[in-house]
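Notes follow once the structure below has been shown.
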Amino acid sequence: MSSPESAAPSARPCTGCGAALPRSLLACPTCGRLVHAEELKRLAADAERAEQHGDLTGALAAWRNTLTLLPTAAVQHQRILVKVQGLSAQVPGATASSHGGPGAFAAPSVGGSGAGAIAGSPPHKSGWKKWLAGLGAVGILLAKFKWVLLFVLAKGKVLLIGLTQAKTFLSMAFALGVYATAFGWRFAAGLVVSIYVHEMGHIAWLRRYGIAATAPMFIPGLGAFVRLKQHPATVGEDARVGLAGPVWGAGAAIVALVIGVGLDHPLFVAIARVGAWINLFNLLPVWQLDGGRAFAALARKQRGIVAGVLWMLALSAGDGMLFLLAVAATFRAVPKGTAPAVGDRGVLVTYLVLIVGLTALMAWGGTPLDQAMTTAPARP
């Protein structure tokens with residue numbers, strides 16, 4: 001996800017003193033009148049009405065819109081920001097004591113699904129180890145995120161939002177064509193769908209927090225991204241929105257795995273493994289990736305816990321991606337003063353479940369990627 005979009009500057013008169021004001025100004029420097037005073041009153045009324053009806057998403061969306069129309073130094077801005085933070089904490093799955101739902105954003109940008117994940121696949125495992133790993137992945141993720149599955153079943157229409165946008169649909173089609181030339185259209189279709197579900201996880205939680213954003217945009221070779229139009233109010237929001245992508249992506253990988261095992265179709269197993277790899281890559285605690293946003297909400301001790309778990313997974317699985325994650329997490333855990341004093345326990349639990357579950361999903365596949373794409377049986 002990238003930075004919020006800014007409006008094009010243009011002059012307009014102040015309703016108080018008539019002075020010509022650039023659009024970038026939110027208050028008149030001459031008389032001090034708020035430029036959007038009437039709109040602010042309307043939005044505040046809408047927000048209060050939504051609160052009275054228990055519509056947290058509607059209230060958050062209205063209050064966030066008021067923030068964009070107020071100078072950051074204004075007393076009203078600070079009061080409304082506190083209001084937004086309080087309402088945000090009431091969103092189901094958003095508190096530190098919750099069941100670890102996806103969650104928090106601090107800067108307006110959500111990392112896309114890196115296409116570099118296509119380049120590698122973990123070593124082949126078979127027999128009872130394969131079954132234990134796969135069952136562990138399904139068991140851990142379904143037990144931990146069963147509420148996500150219920151949410152998707154109840155509001156599955158969220159997944160269709162992006163397909164109604166021309167830019168999303170056309171960029172998906174273009175990405176499908178690019179990937180199909182290298183991997184075949186069947187694997188390419190599974191890959192594009194996996195990335196799309198990942199991005200819609202971000203969208204679902206942005207909507208839940210009332211944060212305006214664009215539909216996903218695909219860039220072949222780099223994955224996809226969502227552009228935010230508003231800033232998240234807390235690092236908790238930033239982290240949960242960031243982790244929503246890998247959570248939904250993990251769900252897509254589980255579905256592909258179940259289909260692959262149920263139909264004895266190695267192509268779907270390969271899609272599940274690569275999907276797990278992509279989402280694990282996005283958990284790297286660096287830059288604007290989902291893992292970097294999650295780490296911003298973790299205390300130094302919590303970062304150390306994540307690093308320790310990653311080192312255990314890396315040493316036991318011998319996977320290069322896990323070693324990279326472990327090294328990055330260690331570097332983020334060592335410096336003092338860069339982490340919040342009190343971390344978000346829900347974000348910690350979500351992150352840990354994801355890295356363990358996705359590692360198990362990668363370990364399941366019994367057919368290497370190249371073989372899966374060339375030997376998958378034809379289906380009518």
Task: salt bridge (Lys or Arg N to Asp or Glu O under 4.0 Å): pairs with one or both residues in residues 296-311, sequence neighbours excluded - done: none
Open item on the list: Working to the nearest 0.5 angstrom, can you tell me the gap between Leu283 CG and Leu243 CG?
Closed with: 6.5 Å
Open item on the list: Quick check for you: to the nearest 0.5 Å, what is the distance between Arg273 atom CZ and Ile278 atom CD1?
Closed with: 13.0 Å
TODO: Sorted by first residue and then second, give each salt bridge (Lys or Arg N to Asp or Glu O under 4.0 Å) pair with at least one member in residues 56-82; sequence neighbours left out.
DONE: Arg64-Glu237
Task: Pairs involving residues 334-361, ordered by first then second residue, that meet ring pair (Phe, Tyr, Trp, His ring centres under 6.0 Å) (sequence neighbours left out) - done: Phe295-Tyr351
Open item on the list: Please give me the minimum heavy-atom distance between Ala272 and Ala253, naming the atom from each residue.
Closed with: CB-O, 3.3 Å
Task: Validation row: Pro340, Asp344 side chains within 4.5 angstrom (heavy atoms) - done: no
- [ ] Say whether Trp185 and Leu267 are linked into one hydrophobic cluster, either directly or through other cluster members, by side-chain heavy-atom distances under 4.5 angstrom.
- [x] no
Task: Rounded distance [0.5 Å steps], OG in Ser171 versus OH in Tyr196 - done: 10.5 Å
TODO: Any pair with a residue in residues 51-89 that passes ring pair (Phe, Tyr, Trp, His ring centres under 6.0 Å), sequence neighbours left out, goes on the list, sorted by first then second residue, please.
DONE: none
- [ ] Heavy atoms only: give me the nearest Gln230-Asn65 pair and the separation to one decimal.
- [x] NE2-OD1, 2.6 Å
TODO: Let me see the working for Val193 and Met172 under side-chain contact (heavy atoms from CB on, under 4.5 Å), right down to the final yes or no.
DONE: CA-CA 9 Å; Val193 170; Met172 282 182 69; 5.5 Å; no
TODO: Go through the structure and list residues passing side chain to side chain contact (heavy atoms under 4.5 Å, CB included) with Ala189, not counting sequence neighbours.
DONE: Leu176
Task: Check: His265 side chain, Gly260 main-chain N or O, donor-acceptor pair, under 3.5 Å - done: no
Open item on the list: Using the rule that Ile, Leu, Val, Met, Phe, Trp and Tyr join whenever any side-chain heavy atoms are under 4.5 Å apart, tell me whether Val356 and Met312 fall into a single cluster.
Closed with: yes
TODO: Quick one: list whatever passes side chain to side chain contact (heavy atoms under 4.5 Å, CB included) with Leu34, sequence neighbours left out.
DONE: Ala27, Ala37, Leu40, Leu70, Pro71, Gln76
Open item on the list: Are Thr168 and Met217 packed together at the side-chain level, in the sense that at least one heavy-atom pair is separated by less than 4.5 angstrom?
Closed with: no
Task: Spacing of CZ belonging to Phe225 relative to NE2 belonging to His202, to within rounding of 0.5 Å - done: 12.5 Å
Task: Taking every non-hydrogen atom, the tightest pair across Ser194 and Ile271 - done: OG-CG2, 3.9 Å
- [ ] Search all heavy atoms of Leu87 against all heavy atoms of Ala59 and return the closest pair with its distance.
- [x] CD1-CB, 4.1 Å
- [ ] Apply the test side-chain contact (heavy atoms from CB on, under 4.5 Å) to residues Ile355 and Leu322: give CA-CA distance (whole Å), side-chain angles for both, the deciding distance (0.1 Å), then the verdict.
- [x] CA-CA 9 Å; Ile355 58 177; Leu322 289 171; 5.8 Å; no
Task: Partner residues of Met321 under the side chain to side chain contact (heavy atoms under 4.5 Å, CB included) criterion, sequence neighbours left out - done: Trp277, Leu280, Phe281, Asp319, Leu324, Leu325
- [ ] Identify the two heavy atoms, one from Tyr179 and one from Pro220, that lie closest to each other, and give their separation to 0.1 Å.
- [x] OH-CA, 3.7 Å
Task: Any donor-acceptor N/O pair, Asp55 side chain to Glu51 backbone, under 3.5 Å - done: no
Task: Side-chain cluster (under 4.5 Å, hydrophobic types only) that Leu315 belongs to, other residues - done: Trp311, Phe323, Val327, Phe331
Task: Shared hydrophobic cluster, Val247 / Val258 (ILVMFWY, side-chain heavy atoms < 4.5 Å) - done: yes
TODO: Measure the spacing between CG of Leu348 and CD of Gln302 and express it to the nearest 0.5 Å.
DONE: 5.0 Å
- [ ] Could you check if a side-chain atom of Thr57 sits within less than 4.5 angstrom of a side-chain atom of Tyr209, using non-hydrogen atoms only?
- [x] no
Task: Side-chain donor/acceptor of Glu199 to backbone N/O of Phe218, under 3.5 Å - done: no
- [ ] Find out whether Leu69 and Leu43 are in side-chain contact, i.e. whether some heavy atom of one side chain is under 4.5 Å from a heavy atom of the other.
- [x] yes
- [ ] Quick one: which residue pairs count as a side chain to side chain donor-acceptor pair (under 3.5 Å) with a foot in residues 37-49, not counting sequence neighbours?
- [x] Glu39-Arg42, Arg42-Asp46, Asp46-Arg49
Task: Among Val347, Val353, Leu354, the one residue meeting side chain to side chain contact (heavy atoms under 4.5 Å, CB included) with Thr350 - done: Leu354
Open item on the list: I'd like to check the side chain to side chain contact (heavy atoms under 4.5 Å, CB included) partners of Ala328; sequence neighbours left out, ordered by chain and number.
Closed with: Leu284, Pro285, Val286
TODO: Answer with yes or no whether the hydrophobic clustering places Phe187 together with Val261; edges join I, L, V, M, F, W, Y residues whose side-chain heavy atoms lie under 4.5 Å apart.
DONE: yes
Open item on the list: Let me confirm one number: the OG1-CE distance from Thr359 to Met362, rounded to the nearest 0.5 Å.
Closed with: 5.0 Å
Task: Shared hydrophobic cluster, Leu352 / Leu358 (ILVMFWY, side-chain heavy atoms < 4.5 Å) - done: yes
Task: Distance-minimising heavy-atom pair for Ala50 and Gly58 - done: CB-C, 3.9 Å
Open item on the list: Tell me whether Thr214 contacts the main-chain N or O of Arg227 through its side chain, where contact means a donor paired with an acceptor under 3.5 Å.
Closed with: yes
TODO: Go through the steps for Val255 and Val197 under the test side-chain contact (heavy atoms from CB on, under 4.5 Å), then give the verdict.
DONE: CA-CA 11 Å; Val255 171; Val197 172; over 6 Å; no
